[in-house]
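Worksheet for the structure shown next.
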Amino acid sequence: MSTPYPFTALVGQDDLRLALLLNAVSPAVGGVLVRGEKGTAKSTAVRALSALLPQVPVVAGCRFSCDPAAPDPACPDGPHDAGGATVRDARMVELPVGASEDRLVGALDIERALAEGVKAFEPGLLADAHRGILYVDEVNLLHDHLVDLLLDAAAMGASYVEREGVSVRHAARFLLVGTMNPEEGELRPQLLDRFGLTVEVAASRETDQRVEVVRRRLAYDDDAEGFAARWHDEESALRSRIVAARALLPHVRLGDGALRQIAATCAAFEVDGMRADIVMARTATALAAWAGREDVLAEDVRQAALLALPHRRRRNPFDAPGLDEDKLDDTLEQSADDEGDGGDDDPDGGGPGGGGRPPEGGPDAPDTPEGTPDASDAPATESEGGEAGQDENASPAQSPAAGGGEQQAVRAAEPFRTKMLSVPGLGEGAAGRRSRARTEHGRTTGARRPQGALTKLHLAATVQAAAPHQRARGRAGRGLVVRRDDLRQATREGREGNLVLFVVDASGSMAARQRMSAVKGAVLSLLLDAYQRRDKVGLITFRGADATVALPPTSSVDAAAARLETLPTGGRTPVAAGLLKAHEVLRVEKLRDPARRPLVVVVTDGRATGGVEPVAQAGRAARLFGSAGIASVVVDCESGPVRLGLAGQLAGELGGTAVTLDELRAESIAGLVKDVQGTRMRSVA
């Protein structure tokens with residue numbers, strides 16, 4: 001076993017270290033979610049924490065780590081006799097992103113269960129993590145079916161395995177720690193709320209600190225044991241402090257004043273439910289114990305808010321996480337004034353004498369400024385050739401005569417709830433919530449011979465396959481003689497996530513401010529829908545003489561929304577270039593992720609004006625999608641009393657369907673998926 005990097009040797013990352021230590025003091029806090037860019041010691045810090053945790057007393061020989069003082073009466077290895085206790089190190093169990101359900105919750109030996117009638121159960125990672133740490137790197141990439149199992153175990157403190165009439169239950173209480181890079185996608189809200197604390201980490205910009213990080217890492221890589229030995233005293237001292245804080249924790253008093261500050265803070269930041277209040281109370285108590293005090297002060301409440309609320313106050317997946325510290329201080333001060341005595345000596349505290357200092361540049365960083373233009377800007381006009389007129393306040397560099405006719409980016413209109421767009425047919429892609437697919441979860445639709453390991457037994461089909469051979473196999477006892485060739489895998493139908501590729505017209509004919517604002521609002525609404533349905537998204541824009549991949553396919557819908565917000569407009573309309581660029585992106589993505597089916601959403605008014613014979617070129621490019629059977633939808637942005645219907649013609653060439661901006665939010669597109677499928681079938685015929 002390799003020597004872990006010492007926790008005390010970490011450089012900087014004060015908020016991350018504090019959050020992890022608070023959970024070591026009080027596991028009831030509920031775990032930590034670590035958000036940040038790659039290469040910021042997220043995984044190193046989590047792995048280093050496990051070496052600091054106190055040893056755990058367990059029942060000797062129990063595979064489920066029962067506590068000798070209070071063994072689980074329903075333990076599959078029980079009942080446990082008195083005595084036989086032993087002590088072992090606390091475990092840190094890693095859950096791989098691509099793990100199977102059986103690996104997480106455990107697996108039943110189906111052949112023994114059928115042939116011998118016994119419950120032969122092999123524990124999974126949840127059993128291994130009981131009374132320890134369950135660590136999920138890249139937790140935002142975890143498949144939905146594993147997320148569901150984690151949510152159940154975290155809520156009930158137990159894992160249930162129900163399969164073909166055989167039921168097993170065992171305790172599963174663990175400290176959940178996850179790390180993620182927000183650029184790769186966000187977490188489901190239900191799982192996000194299960195993490196007690198969250199911290200934002202970033203690489204230091206201070207030269208001396210970066211030098212020290214490199215120096216220590218090189219020393220560790222050269223001689224891990226020697227490096228760990230040099231930090232032995234610091235590690236021992238920190239371990240002793242954790243033990244002392246755990247012993248002090250039951251004696252810490254959380255007064256009414258502190259409780260009112262906690263409630264007032266959660267109410268002021270409009271968090272959902274009551275879990276935030278409870279987590280803040282537990283965190284503030286742990287902060288006081290960590291500081292060696294028996295009373296919770298206002299500085300503990302403030303620090304608890306900075307750790308426990310940023311990920312709970314988000315109202316929209318495109319909002320930046322964080323807290324307004326000025327608002328937090330005002331709330332705490334107002335709460336203390338209302339009480340007359342809020343149970344604290346320094347309402348604006350936050351120094352090291354408390355549970356730790358507030359994060360610097362972490363979750364409380366100021367929000368990203370909104371777009372520079374506002375709705376009062378003079379609207380651009382549309383010329384006969386599809387060019388945008390010059391804004392009266394535009395600089396010469398932005399005028400058409402200066403090259404390109406680029407207009408300033410306009411702010412998106414308010415997003416709205418859209419109807420579901422999906423890919424026709426039955427796919428086999430990653431689990432999601434958009435299109436029909438064969439999945440490991442969902443309703444059972446049939447049975448087949450297993451390809452590889454058996455994961456979902458179809459009991460009736462297995463018995464039917466084995467029954468005719470019982471006499472030839474010499475069956476004499478009560479058990480059914482089952483062989484591997486008899487086993488049948490259940491086939492199930494659920495939902496998959498797709499690659500939703502947006503191809504957005506940013507030309508001059510789209511540059512009228514009110515229209516482009518509405519277009520951005522519509523695309524933002526579709527992005528929000530893609531976030532909720534666990535899709536990958538990509539963004540291509542076309543204007544002037546060419547098309548640009550503004551965002552390669554990614555799971556980060558936030559990144560797509562940010563690129564959309566700064567999208568400039570102006571110039572001619574090279575529809576063919578946009579479609580050809582989209583076709584190339586899909587070709588490359590097919591090699592990377594062949595099971596994920598694409599849905600192309602073209603947002604345009606259909607006025608092709610760029611290049612030689614632009615309309616004919618656009619038609620030829622569109623027919624590439626129709627011939628390949630790629631599902632597509634054209635969002636028709638044409639406005640005004642006179643409409644040419646060019647977007648509808650483009651949809652016909654694509655083999656898809658067209659829908660106006662107004663219809664995108666109306667009930668009239670409830671049959672849009674059928675239209676997509678029917679149009680595509682007619683084009684193929």
Checklist entry - Is there a donor-acceptor pair under 3.5 Å between the side chain of Arg17 and the backbone N or O of Ala45? => result no

Item to check | side chain to side chain donor-acceptor pair (under 3.5 Å) partners for Arg215, two or more places apart | outcome: Glu212

Checklist entry - Does any non-hydrogen side-chain atom of Thr331 lie less than 4.5 Å from one of Lys327? => result yes

Checklist entry - Okay, side chain of Glu94, backbone of Arg47: is any donor-acceptor separation there less than 3.5 Å? => result no

Checklist entry - Without hydrogens or angle criteria, can the side chains of Thr8 and Glu234 be said to hold a donor-acceptor pair below 3.5 Å? => result no

Next on the checklist: Does the plane of the ring in Phe227 sit parallel, tilted or perpendicular to the ring in Tyr220? Use 30° and 60° as the thresholds.
Outcome noted: perpendicular

Checklist entry - Taking atom CE of Met280 and atom CG of Asp300, what is their separation to the nearest 0.5 Å? => result 10.5 Å

Next on the checklist: Checking the side chain of Thr198 only, and the main-chain atoms of Leu33 only, is there a donor and an acceptor separated by less than 3.5 Å?
Outcome noted: yes

Item to check | Separation between CZ of Arg35 and NE2 of His311, rounded to the nearest 0.5 Å | outcome: 10.0 Å

Checklist entry - So, Asn498 side chain and Val500 main chain: donor-acceptor pair closer than 3.5 Å or not? => result no

Checklist entry - Between atom CH2 of Trp231 and atom CG of Leu238, what is the distance when rounded to the nearest 0.5 Å? => result 11.5 Å

Checklist entry - Is there a side-chain contact between Glu138 and Ser43 (heavy atoms, below 4.5 Å)? => result no

Checklist entry - To the nearest 0.5 Å, what is the distance between CD1 (Ile133) and CG (Asp128)? => result 14.0 Å

Next on the checklist: Strictly distance-based, threshold 3.5 Å: is any side-chain N or O of Thr566 a donor or acceptor partner for the main-chain N or O of Arg563?
Outcome noted: yes

Item to check | Any side-chain heavy-atom pair of Leu551 and Phe502 under 4.5 Å | outcome: no

Checklist entry - Above 12 or not: heavy atoms from other molecules or residues under 6.0 Å from CD of Gln55? => result yes

Item to check | Student check: side-chain heavy atoms of Val252 and Arg293 closer than 4.5 Å | outcome: no

Review item, side-chain donor-acceptor pairs of residues 173-182, under 3.5 Å, at least two apart:
unit_1: Thr179; atom_1: OG1; unit_2: Tyr135; atom_2: OH; d: 3.2
unit_1: Thr179; atom_1: OG1; unit_2: Asp137; atom_2: OD1; d: 2.6
unit_1: Asn181; atom_1: OD1; unit_2: Glu183; atom_2: N; d: 3.2

Checklist entry - For Asp208, does the CG atom sit with more than 12 other heavy atoms under 6.0 Å from it, leaving out its own atoms? => result no

Checklist entry - Got a second to check how far Glu496's CD is from Arg534's CZ, nearest 0.5 Å? => result 14.5 Å

Checklist entry - Under a 4.0 Å N-O cut-off, is there an ion pair linking Glu325 with Arg302? => result yes

Item to check | 4.5 Å side-chain heavy-atom contact, His170 and Cys66 | outcome: no

Checklist outcome for this item: dist Arg312:CZ -> Arg275:CZ (nearest 0.5 Å) comes out at 7.0 Å

Checklist entry - Can any side-chain N or O of Arg131 pair as donor or acceptor with the backbone N or O of Pro57 at less than 3.5 Å? => result yes

Item to check | Contact check, side chains of Arg205 and Arg210, non-hydrogen atoms, under 4.5 Å | outcome: yes

Checklist entry - So, Arg592 and Glu589, do they make that salt bridge, N to O below 4.0 Å? => result yes

Checklist entry - With a 4.5 Å heavy-atom cut-off, do Arg169 and Asp72 have their side chains touching? => result yes

Checklist outcome for this item: Between Asp529 and the options Arg417, Arg433, Arg434, the side-chain hydrogen bond (donor to acceptor under 3.5 Å, both in side chains) test singles out Arg434

Checklist entry - Are any of the side-chain nitrogens in Arg260 or Asp256 under 4.0 Å away from the carboxylate oxygens of its partner? => result no

Next on the checklist: Do Leu150 and Leu95 make a side-chain contact, defined as non-hydrogen atoms from C-beta onward lying under 4.5 Å apart?
Outcome noted: yes

